[in-house]
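Step one of this worksheet: look at the structure below.
The chain is numbered in sequence order, starting from 1. All ligand and atom numbering here is 1-based and tracks the order in the structure. A quick note: this is a predicted structure, and the numbers were derived from the prediction, not measured.
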Amino acid sequence: MNSDTCATWAGAKPGSVDQWAYDVVVVGGGVAGMTVALSLDSKLKIALIVKNNGTQSSTYKAQGGIAAAVGPDDNPSLHLADTLRVGQGLCRPEAVEVLTQEGPAAIEFLQSHGTEFNSLESGLDLTREAGHSRNRVVHYYDYSGRQVSETLARLLPERTNIDKIDDCFLVDILISNGECYGCVFLHAGKPVMVRAKAVVLATGGYAGLFARSSNSSTTVGDGIAAAYRAGAVIADMEFVQFHPTTFTTLAGEVFLLTEALRGEGAFLLNSAGERFMTGYHPDGELAPRDEVSRAIIQEMKSGNGTVYLDARHIGKESLSQRFRQVYAKLAEDNYYLERDLIPVAPAAHYSIGGILTDIWGKTTVPYLYACGESAATGVHGANRLASNSLLEGVVFGRRVAKVINDDFPARGDCLELPAAICSKGNSSKGIAIFGEILDDFAGAIRNGEEISWLLYYMKQAPLAGEINNDKVQECQAYNIAQMTELILEAALARNESRGTHFRIDFPEKNDADFKKHTIQQKGKKVSLR
Ligand SMILES: Cc1cc2nc3c(=O)[nH]c(=O)nc-3n(C[C@H](O)[C@H](O)[C@H](O)COP(=O)(O)OP(=O)(O)OC[C@H]3O[C@@H](n4cnc5c(N)ncnc54)[C@H](O)[C@@H]3O)c2cc1C
């Protein structure tokens, strides 16, 4: 085992650590991870590992639906054109081609595994979201993600080749001679080394790092941090999409009000009661999310700090039927969509950056794969077209499974344990601070001078504490600090504004210098290529 092994757990000696062996380890129980596990050959012995329970995944929280060209007036080329346009010059066209061409088959895959979607007599009931030129969002009321998540999860116990292991935290990837041989987890508080011939990271994104986020606070990019430590190339970390319309409950939870509400005709009003979006963008309320988010921030600054969603004209019946989850959640706080203006504000929602992969989910580390929100396939470019991400999880999850099924690695086991390395990390006390830092310095509006100052300060005075390797929280804190730094470094490197990334000191797009991807790799300076 060479010295680039990236274990952050200390004191473990060969023999003192539990060891498991599988053919394939899939980390993550969201749409991407479950799609991979269910699509792998039933002859393979698979561990599907999840750090908490299924309800904390972004998949479970997804409301609006899944975009795919399945309507009679639609086709994959139109879906491709919309995705490329919203991605603002940074999509990888070959990845978007795969996403959109394989979209209809992905919907069939979900249906054939028991997922139900709303339908009309004429076929699937398709709705429209921002940036789409057609109605193409397949949905199940406003809890499409829960429907997908629960349906796929129900199938797992039937597959005797899949061991689903909950409450198991990925710490690091095992690397020997530059290749992946498994991973290290914390299970029931103890380190476990899992050997495998292929490891799939489907650990989700990192928008939960931000203090104001629609994601669970556990969605912090653990898999991306581990892949980075293992030497994998990370790309486009500065691109974080902010969802314009989130509502803060009385209990302090940031709850998403799906874009489909605006798709069905809800307006945005400023504190003077005026519609303002048409003054910012010809598509009004259905402009790309970054534009709507920045317009809301602008209106909040120039008004009394509040912007509202107005769905009163849509009528109670449609609202309470179509938007069951949102309706019920708002009612808990005595807000009724047909009666009240709902105060909304942007929140970090979707992370575009992640582990660089090709169109088969292969990372730059042999036998390490990634898919779903943890991967940077290049399908979203500088901005994600709404409802393309559940689709990405299914399309690329199936591809990863296919490539592993086809070329199941014929190689020997790696028998050595990694040398025990104790990394310095950040104490769990620091976690909340990083969320505030990201909101303030890497939010919807950024300033290079401030980011530069902050990075300097973070390097001078790290919030240091020893990692205690028995504690998930402390490993998590280490990841949070590492991810914060990666985001800030990428945001500082992109001296322009494009898609979700807006720099007040460089407010224009600069194709000549920045129509490139941001690349980060351990031990190397951030670069653009
Ligand atoms: C509120 C909300 C609404 C959304 N609505 C939509 C929508 O309508 N349409 C759409 O296309 N997209 C939507 N999205 C985005 C979409 O839900 C996600 O991009 C997608 O579900 C990501 O799937 P995934 O499988 O990659 O990750 P996730 O679903 O987030 O799953 C990640 C899994 O990895 C596990 N994990 C993470 N770290 C570790 C670790 N260290 N060890 C072990 N396990 C780990 C987690 O426990 C989890 O099981 C929404 C997101 C949110 C938050």
* Could you check whether the rings of Y350 and H380 sit parallel, tilted or perpendicular, using 30° and 60° as the cut-offs? =>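 Rings of Y350 and H380: perpendicular, over 60°.
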
Hey, which atoms in ligand 1 end up nearer than 4.0 Å to a heavy atom of [X]?
X    : result
D222 : 38 (N), 39 (C), 40 (C), 41 (N)
G372 : 26 (O)
L170 : 40 (C), 41 (N), 42 (N), 43 (C)
Y350 : 19 (O)
A202 : 32 (C), 33 (C), 34 (O)
G30  : 25 (O), 29 (O), 31 (O), 33 (C), 49 (O)

* Asked: Where the closest heavy atom to atom 2 (C) of ligand 1 is concerned, which of Q56, H349, Q241 has it?
  ->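 Among Q56, H349, Q241, the closest heavy atom to atom 2 (C) of ligand 1 comes from H349.
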
Would you mind checking which non-hydrogen protein atom is closest to [atom], with the distance to 0.1 Å?
atom                    : answer
atom 19 (O) of ligand 1 : E373 OE1, 2.6 Å
atom 11 (O) of ligand 1 : L390 N, 2.8 Å
atom 29 (O) of ligand 1 : T59 OG1, 2.5 Å
atom 37 (C) of ligand 1 : T203 O, 3.3 Å
atom 15 (C) of ligand 1 : S389 OG, 3.4 Å

* Looking at R262, R384, R136, R289, which one forms a salt bridge (charged side-chain N to carboxylate O under 4.0 Å, His left out) with E129? ->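 Testing E129 for a salt bridge (charged side-chain N to carboxylate O under 4.0 Å, His left out) against R262, R384, R136, R289 leaves exactly one candidate, R289.
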
